[in-house]
**Q** 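Below you will find the structure I want to go over with you.
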Amino acid sequence: MGVIEPRVFKGTRDFLPEEMIHRDRIIDVMKSTFETYGFEPLETPALEYWDILTGKYGEEGEKLIYRLDYKGGHEVALRYDLTVPLSRVIALYPHLPKPFKRYQMQPVWRADKPQLRQGRFREFYQCDVDTVGSGSMLADAEIIIVTHAILSSLGFQTFRIRINNRKVLAGIVEYTCGDQSRSADICRCIDKLDKIGMDGVKHELERCDIPDGSAQKVLKILEISGNNETVLRDLERELSVSQMGLAGLSELKEVFAFLQNNGLPQDRYTFDLHLARGLDYYTGPIFETVLTDQPHIGSLAGGGRYDELIGLFSGIDEPATGTTIGLDRIYTAMQQLNMLENVKTKTQVLVTLFDDTTFKQSMSVAQELRDNGINTDTYFEQHSMKKQFTYAHKKGIPYVVILGPDECAKDEISVKDMESGEQKTISRNALIIYLQELTG
RNA sequence: GUGAGUGUAGCUCAGGUGGCCAGAGCACCAGGUUGUGGCCCUGGGGGUCGGGGGUUCAAGUCCCCUCACUCACCCCA
């Protein structure tokens, strides 16, 4: 009988120890940053009822939801993001004090085509921070500030947080076309400007059957450029006919004022009229973070305000805003930018095992090291020293403790530094202090 | 979903016009060194050449089909 071929489902991955050490570090940075800003942890199930997820992400998004056959029907699905589950939680537990600020780091699933270089997978971790129950632009600004804090702490140098507002986009549609049903098409064309240029957008608008007059107006709006202040001012003049557009611009002005007040470096964020974002549920400010020198990797983070999503579950709208930070995108980027430290293991010491006459002392030394906060591995078999050292070398354990008959007879102990190759024999009772100094 | 490319050992890849072409490096295991890793030396295990069909005396090599993977687009984290 043949063996079962070992393999993982396309777009999913195993995280081996060396990789987990890096991922854990990223998670630690995020978690502590979230907590610094007063966000609290939440977890929700991987599975949600189908009707909870459906109708929230738009046509494109919904095709990517993993449906599961269950008792012959299509009742459940793997969650597609963490925002919709959060909204379900808010509606389900109305007693939660507002504003409710939570962070959540869990995998989500999307049935699209994986693209390793771009950091695109079918199963990946999202790290979400959201504030529910406040319509203040302070909440939106705080989300942007947290995003900035995390990426800075991780050592990213070239990221840019693009900021726009769905109300502004709606205003543009109202002003140029007057017909909100064309909103999605127009936004998609606008979103493409960076990639296909002005002429490309022109063709795209034609392809979407946007009337000539409307298309001209769209192009005119897209020609507005300059710094955040002048662009906002020019837009205000163009969009004066749209209440919605003006409301969006005033929200943006508030957000930018808060960011500036908070001392966020100017080159880290920018008003970007071309940012649209695909998900249906956004209603106000939207943001997306990209690495300017790694454009092939999609966004590292993305989010926005969704004041009408929770109402779909509770019947009462509840203002909410937040962002997703993509752990796997961040990890992929750090890998490609050589930002990961060269650490193979958290184990600091290997205690070798010599023979029957010494193993009890090996065990008690190992325990003493652990009791003093030193991560210690022990060898279980009476193999040659060569084998035991090879094991330590391969695992990247920095120090090896040797207790052979020689050491035991004199109540001494030998410690080898695997990197320098130096070995020292010291008295048994000096070991803890000695190793604590070495391992810092 | 659309387009392009690539499939030979665990990994990275050699293998003109079909004929001693089943190979290298790295990795792995053992030994050289029975109290010491890395470097070096010696030896070893491991491959239905993605799969199926066809052409041929002969196919890793040519033709067809299929599958898988990668890249780009779309969309996103």
Side-chain angles (χ1 to χ4, degrees), chain A residues 2 5-11 26 30 57-65 79-83 105-128 147 184 187-188 191-192 195-196 200 204 275-280 282 286-291 295-304 322-333 350 352-355 358 379 382-409 414-425:
Chain A
E5 188 197 347
R7 64 221 137 107
V8 291
F9 182 60
K10 188 183 173 77
I26 297 170
M30 291 208 219
Y57 303 116
E59 207 182 314
E60 291 290 316
E62 192 155 317
K63 281 191 288 192
L64 302 180
I65 300 175
R79 65 171 165 243
Y80 175 93
D81 71 357
L82 302 179
T83 308
M105 303 192 266
Q106 290 190 276
V108 303
W109 293 268
R110 292 184 189 177
D112 65 356
K113 200 187 274 184
Q115 207 103 101
L116 265 48
R117 195 173 100 91
Q118 298 176 357
R120 176 204 207 86
F121 308 98
R122 284 182 176 165
E123 177 184 69
F124 60 98
Y125 272 73
Q126 291 197 329
C127 306
D128 275 37
T147 305
C187 286
R188 201 172 305 123
D191 187 45
K192 282 183 180 166
K195 279 177 185 164
I196 62 181
E204 198 68 17
L275 176 67
R277 298 196 53 74
L279 303 182
D280 271 2
Y282 295 119
I286 47 178
F287 11 91
E288 185 167 294
T289 304
V290 291
L291 288 176
H296 61 272
I297 299 179
S299 47
L300 295 192
T323 192
T324 296
I325 301 178
L327 172 60
D328 301 271
R329 287 276 165 88
I330 285 175
Y331 181 78
T332 302
L350 172 71
T352 57
L353 177 66
F354 204 86
D355 61 24
T358 63
Y379 206 86
Q382 287 183 25
H383 286 161
S384 65
M385 280 298 115
K386 182 187 175 74
K387 265 201 134 163
Q388 300 191 40
F389 273 87
T390 302
Y391 171 77
H393 172 70
K394 281 187 186 163
K395 290 195 73 158
I397 300 171
Y399 299 99
V400 174
V401 162
I402 306 111
L403 292 99
D406 296 352
E407 284 87 354
C408 289
S414 297
V415 177
K416 178 158 180 169
D417 178 329
M418 292 296 280
E419 203 196 338
S420 68
E422 278 172 43
Q423 183 167 322
K424 237 177 125 174
T425 301

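The chains referred to below are lettered A, B, ... by the order of the sequence lines, with proteins before strands, and numbering in each begins at 1. Just so it is clear, the values below take in all heavy atoms, side chains as well, and ignore hydrogens, waters and symmetry mates.
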**Q** Let's test your reading of the model: under 3.5 Å, does the base of G37(B) pair with the side chain of Q423(A) as donor and acceptor?
**A**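 A donor-acceptor contact between them is absent.
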**Q** Let me spell it out: for each of E407(A) and F121(A), pick the nucleotide of RNA chain B with the closest heavy atom. Which residue's pick is nearer the 5' end?
**A**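 Taking each residue's closest nucleotide, the earlier one in sequence belongs to E407(A).
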**Q** Among U36(B), U70(B), G37(B), which nucleotide sits nearest the side chain of T390(A)?
**A**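 In terms of side-chain proximity for T390(A), the closest of U36(B), U70(B), G37(B) is G37(B).
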**Q** Between C39(B) and A58(B), how many Å separate the two C1' atoms, rounded to a whole number?
**A**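 Rounded to whole Å, the distance is 47 Å.
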**Q** Can you find an N or O donor on one side and an acceptor on the other, under 3.5 Å apart, linking the side chain of K387(A) with the base of G37(B)?
**A**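 Side chain to base: no pair present.
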**Q** Between atom OH in Y379(A) and atom C1' in G37(B), what is the gap in whole Å?
**A**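 Rounded to the whole Å, the gap is 12 Å.
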**Q** Between G23(B) and U61(B), how far apart are the C1' atoms? Round to whole Å, please.
**A**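 Taking atom C1' in both U61(B) and G23(B), they lie 15 Å apart.
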**Q** Both distances below 3.5 Å, Watson-Crick or wobble geometry, any strand: find the nucleotide opposite G46(B).
**A**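 Pairing partner, where one exists within any strand: none, as none qualifies.
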**Q** Side chain of E60(A), heavy atoms from C-beta onward: which of C28(B), C75(B), A77(B) has the nearest atom to it?
**A**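 Between C28(B), C75(B), A77(B), the one nearest the side chain of E60(A) would be C75(B).
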**Q** Spell out, as yes or no, whether a donor-acceptor pair under 3.5 Å connects the side chain of Q423(A) to the backbone of S414(A).
**A**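 No, the answer is negative, given that no donor and acceptor are paired below the 3.5 Å cut-off.
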**Q** Check every atom of U36(B), C29(B), G35(B) against the side chain of K416(A) and return the nucleotide holding the closest atom.
**A**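 So the nucleotide nearest the side chain must be U36(B).
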**Q** Take T332(A) and I297(A) through the side-chain contact (heavy atoms from CB on, under 4.5 Å) test and state the conclusion after the steps.
**A** CA-CA 8 Å; T332(A) 302; I297(A) 299 179; 4.3 Å; yes
**Q** Rounded to whole angstrom units, what separation is found between the CG atom of L64(A) and the P atom of A77(B)?
**A**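 That distance rounds to 11 Å.
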**Q** In whole angstrom, give me the gap between the P atoms of C62(B) and C26(B).
**A**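 C62(B) and C26(B) have their P atoms separated by 30 Å.
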**Q** Measure the distance between the ring centre of F354(A) and the centre of the six-membered base ring of G35(B), then answer whether it is under 5.5 Å with planes under 30°.
**A**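 Here the ring of F354(A) and the base of G35(B) are not stacked, as the 5.5 Å and 30° limits are not both satisfied.
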**Q** Taking the same atom, C1', in G45(B) and in C28(B), what whole-Å distance lies between them?
**A**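 Between the two C1' atoms, the distance is 9 Å.
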**Q** Using the P atom in both, what is the distance from U48(B) to U6(B), to the nearest Å?
**A**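 The answer is 24 Å between these two P atoms.
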**Q** Starting from P on G37(B), measure out to CE on M418(A) and report it in whole angstrom.
**A**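 Taking CE of M418(A) and P of G37(B), I get 9 Å after rounding.
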**Q** Round to a whole Å and report the spacing from NZ of K63(A) to C1' of C75(B).
**A**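 After rounding, the gap between these two atoms is 9 Å.
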**Q** Check this for me: does the side-chain of K386(A) come within 3.5 Å of the base of U36(B) through a donor and an acceptor?
**A**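 Answer is no: no donor-acceptor pair is held.
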**Q** Tell me the partner of G60(B), counting only Watson-Crick (N1-N3 plus N6-O4 or O6-N4) or G-U wobble (N1-O2 and O6-N3) with both under 3.5 Å; none if nothing fits.
**A**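 Its partner is none (no Watson-Crick or G-U wobble pair with both distances under 3.5 Å).
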**Q** Give none if C71(B) has no partner; otherwise give the nucleotide forming a Watson-Crick or G-U wobble pair with it, both distances under 3.5 Å.
**A**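 Answer to the pairing question: G3(B), which forms a Watson-Crick or G-U pair with C71(B).
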**Q** For the residue pair R122(A) and P114(A), what are the closest heavy atoms and their distance?
**A**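 Looking at all heavy atoms of both residues, the closest pair is NE-CD, 3.9 Å.
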**Q** Let's go through I286(A) and L275(A) carefully: what are the C-alpha distance in whole Å and the side-chain angles of both, what is the deciding distance for side-chain contact (heavy atoms from CB on, under 4.5 Å) to 0.1 Å, and is it a yes or a no?
**A** CA-CA 8 Å; I286(A) 47 178; L275(A) 176 67; 4.3 Å; yes
**Q** Can you tell me how far C1' in A59(B) sits from the matching atom in G19(B), rounded to whole Å?
**A**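 Going atom to atom, C1' in each nucleotide, I get 10 Å.
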**Q** Measure from the side-chain N and O atoms of R329(A) to the backbone N and O of S299(A), and report whether any donor-acceptor pair falls under 3.5 Å.
**A**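 Flag set: sc R329(A) to bb S299(A) pair under 3.5 Å.
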**Q** Classify the side chain of Q115(A) versus the base of U70(B) as yes if they form a donor-acceptor pair under 3.5 Å and no if they do not.
**A**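 No, the side chain and the base share no sub-3.5 Å donor-acceptor pair.
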**Q** Which whole-number value in Å describes the distance from R7(A) CZ to C69(B) P?
**A**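 Nearest whole value for this atom pair: 11 Å.
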**Q** Start with the C-alpha distance between M418(A) and F389(A), add both sets of side-chain angles, then the distance that settles side-chain contact (heavy atoms from CB on, under 4.5 Å), and finish with yes or no.
**A** CA-CA 9 Å; M418(A) 292 296 280; F389(A) 273 87; 3.8 Å; yes
**Q** Expressed as a whole number of angstroms, how long is the span from D355(A):CG to G35(B):P?
**A**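 Interatomic distance, CG of D355(A) to P of G35(B): 10 Å.
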**Q** In whole Å, what is the span from the CZ atom of R120(A) to the P atom of U70(B)?
**A**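 Spelled out: CZ on R120(A) to P on U70(B) is 13 Å.
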**Q** Do any N or O atoms from the side chain of R110(A) and from the backbone of F121(A) form a donor-acceptor pair under 3.5 angstrom?
**A**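 A pair under 3.5 Å: no.
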**Q** Does A68(B) have OP1 or OP2 under 4.0 Å away from a side-chain N or O of K113(A)?
**A**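 K113(A) to A68(B) OP1/OP2: no side-chain N or O under 4.0 Å.
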**Q** Now, which nucleotide makes the Watson-Crick or G-U wobble pair with C21(B), with each of the two distances under 3.5 Å?
**A**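 Result: none.
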**Q** When both hydrogen-bonding distances must be under 3.5 Å and the geometry is Watson-Crick or G-U wobble, what is U33(B) paired with, if anything?
**A**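 Base-paired to nothing in any strand shown.
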**Q** Could you tell me how the ring of Y391(A) sits relative to the ring of Y379(A): parallel (under 30°), tilted (30 to 60°) or perpendicular (over 60°)?
**A**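 Rings of Y391(A) and Y379(A): perpendicular, as their planes differ by over 60°.
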**Q** Quick check: on RNA chain B, is the nucleotide nearest L116(A) upstream (toward 5') of the one nearest R277(A), or the reverse? Name the residue that is more 5'.
**A**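 Counting from the 5' end, the first nearest nucleotide belongs to L116(A).
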**Q** Please give, in whole Å, the distance from C73(B) P to H296(A) NE2?
**A**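 Atom-to-atom, H296(A) to C73(B), this comes out as 11 Å.
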**Q** Using the P atom on both, measure C74(B) against A27(B) and round to a whole Å.
**A**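 It works out to 41 Å between them.
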**Q** Give one of base, sugar-phosphate or nothing for Q382(A), where a contact means two heavy atoms less than 4.0 Å apart.
**A**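 It contacts nothing in the nucleic acid.
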**Q** Think Q118(A) has a side-chain N or O under 4.0 angstrom from the OP1 or OP2 of A72(B)?
**A**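 Checking A72(B) against Q118(A), a side-chain N or O does come within under 4.0 Å of OP1 or OP2.
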**Q** Between C29(B) and C75(B), how far apart are the C1' atoms? Round to whole Å, please.
**A**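 These two C1' atoms come out 48 Å apart once rounded.
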